[in-house]
Amino acid sequence: MAKTISSYGIPVPQHDGGAVQKNKLRTYFQKGSLIRTQEMEALITSSLNAEETGSQNVKSVLCFTSGSGTAVSYSGTDPWNEICPPFVPYFHPYIDVFTLDNHTILHSSSFASSSGEGTIFQFDNDGAEASFSPISNDTDFPFGAFTLKTDNNTNDETAIGTNFTLGPFNMLSGSMWWIKTRFKFDDHDNVEYAFGLTETNIDQSDLHNISAAAGKDRIIICKSIHNNDETRFIVTKNSDVFLNRVISSSAYTVDNQIHDLGLHFDGQNIHLYATQSATGNTPRPMEKVHTFTTGSSALGGLGGTNGGLNLVFYLRTGANTVETATIEYIQGAVWNRTRDGGL
Amino acid sequence: MAQVNKTQLKSYFETGDKPNSSNWGELINSSLNLEESASITTQIFTLTGGGDYTGSLTGSSSPFTHIQSLKGPLCLADSSSNSTDRDFFQVTPSFVPNLQPHIKVFSFDTSTAMHSASIGNIGTNTFIWERDTDNSSLLIASCSISNSVGLGTGKRRDNFPYGSFVLKTGGTEGHQTALATSVTPFTCRTGSKWWVKTRFSLADHDGTEFFFGLTEEAADKGHFHTGSYAAGKDRVAIVKRVHNGDDVTYGVSQNATPNPPLSSSVAFTNITQTYDKDFSIVSYGIFWDGVSNIKFYGNKVASSSIPGPMKLLETYSGSAIPSSSNMRLALMIETGVGAPAIAEVEYLQGAIQTPRG
């Protein structure tokens, strides 16, 4: 078929006006392009129409920074929510979602102990004082939260996380995941914690500081020493420590400081997002604070060949007192190519 | 190329304009593209200017997905054939927790509150939802109740085929019960919209009073729906004040001196509301626009009928708008006779556009 050339010398694309992606669509409207019925049809067919009453199929991951509007007392962008899908189960049929918040888990009876297998989320209930329960009258979390409490002896530990047998998060080629949390400690000088993904069971002793070894892969943000504010970003695979980096901007420096943490694996690299706010203040949108760029070839198989990483929030007391983390939410979403048949 | 809003886009395509490739590009970039997919791209990008992702993302088999991000609240209007009459849905986001990160959602319905054990007594503060348990009042999923509760099975089946909860008071005149959020995040704050809605029916309209909306008082406070306006008692509500009167009115108050004076609730201006037959199905919605208006919406149909879209009943913009109090979402009923009042509730929901990240 002979090429049709516009008066500006640009080839007129041959197409039927069907839906195309943005990169292709833009080529139809370059300087000198001949804009015909087909080009306008392609533009209209490719776009979501607000007045259409029939079903419309969105193929991409759809993210929402919406609702921000003028309400967000922050004039900048919202980098985390721009790359993160909604943590709504079944919203994207190819993305599995785990969400632990007061709106979806209404009562602590929804949890089993870490040895149980009957619930999606598990709780390490070792020690008489260890507890995990909803709370609705915390001024920093006006929409509800949970309290995670340790027992009252030095180095007592507890944790909440996805069921060990699930291990739904992985670093397999093509997979992507997002996890996030918001929390605070009322006694930061006596608290150690970790948030992230772990190959071990969630009641693994010394989960945040354990030596790198087979079966103990981790991708975590942690405060390793109770009387030290330092926060670290750690990635290990088998005996290799890929990353053990101090994130100075995420140090936990004062009681009741509200911390937001987000981790995103884009299929190649792991991005850490974070923000912190003083008690009583409005949390700001998370900003990207570090990217771990080793790449998927090194990360492949982290957690095991079939995945095997669990979402966890781990807490340890550094004193003979019950220590409390107040947590607004723990959420994770994973797009697993091995489940590309959809949910 | 940047993303721009609709007003800016329209300015590129007015009569006599010669749109250039940038104008077309911005139109394309600003629109949600249905064809962006995981299958043929090797690049992640966001459309909100949050940063470019470039570099080592190569290979035609790479499965990375395009990501598209929406900034504005997304309202999904109802898909009914009666689509020209949907005042409330046109301004209301989906009541889906975690869908839009800056909109917090409270949803009480049979899909999300799967068992009444998820509800604590008012003041417990270890639940999102609480109820007034005084006088052996009852909150129970309708599928669990027997006819002795006072509702015929036929009524339940016909009116709420997707499930419901039954709210039932004690059996003495003045007994009341309520379902409410234990958290109190609702405030008429500038720039922070909120929406609340419910749908229910009453078994005995001549013997029942109700309150739906926001209250600063605890939802187990005696007769709070008809109490005097005072500090600590702010409210935004739709109310049936008198058990043997059919009028359904609204009330807005901040502290003791609302303006205009609201010695009692006020009739709706656009469409007056009554509850005048047993088992009528009413749908109510209230919307704070984040600026200066509280809008009330409603719809009523006879028992066994299909509810219609809610219409705008009233826009209130007076100085009684409670702008500093912390209020809870509540649905309360009170019996005015010597028998229990019973409401069958399909849902009670709220959403807040929050300044929090």
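Heavy atoms only: backbone and side chains are in, while hydrogens, waters and symmetry mates are out. Letters A, B, ... are given to chains in the order of the sequence lines, protein chains preceding strands, and every chain is numbered from 1. Please read these numbers as outputs of a predicted model, since none were measured by experiment.
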key: Straight-line distance of Asn98(B) CG to Tyr329(A) OH, nearest 0.5 Å   = 9.0 Å
task = Indicate the ring-plane relationship of Phe143(A) and Phe106(B), choosing parallel, tilted or perpendicular according to the 30° and 60° boundaries.
result = tilted
query = Can you find a heavy atom in the side chain of Asn137(A) that is under 4.5 Å from one in the side chain of Thr184(B)?
reply = no
ask   = Using 4.0 Å as the upper bound for N to carboxylate O, is an ion pair formed by Arg26(A) and Glu26(B)?
value = no
ask   = Does the side chain of Lys31(A) reach to within under 4.5 Å of the side chain of Asn20(B), using non-hydrogen atoms?
value = no
ask   = Is the backbone of Pro142(A) close enough, under 3.5 Å, to the side chain of Lys104(B) for a donor and an acceptor to pair up by distance?
value = no
ask   = Looking only at heavy atoms, what is the nearest atom pair of Lys22(A) and Asn29(B), with distance?
value = NZ-O, 3.1 Å
request  = Would you check if Ser46(A) and Leu34(B) make a side-chain contact, meaning some heavy-atom pair closer than 4.5 Å?
outcome  = no
ask   = How many angstroms lie between atom CZ of Phe91(A) and atom CG of Leu99(B), to the nearest 0.5 angstrom?
value = 5.0 Å
key: Ser33(A) versus chain B, the contacting section by heavy-atom distance below 4.5 Å   = neither
ask   = What do the steps show when you test Leu43(A) against Trp24(B) for side chain to side chain contact (heavy atoms under 4.5 Å, CB included), and what is the final call?
value = CA-CA 10 Å; Leu43(A) 174 60; Trp24(B) 286 105; 3.8 Å; yes
ask   = Can you tell me if Gln21(A) and Asn33(B) form a side-chain donor-acceptor pair at under 3.5 Å?
value = no
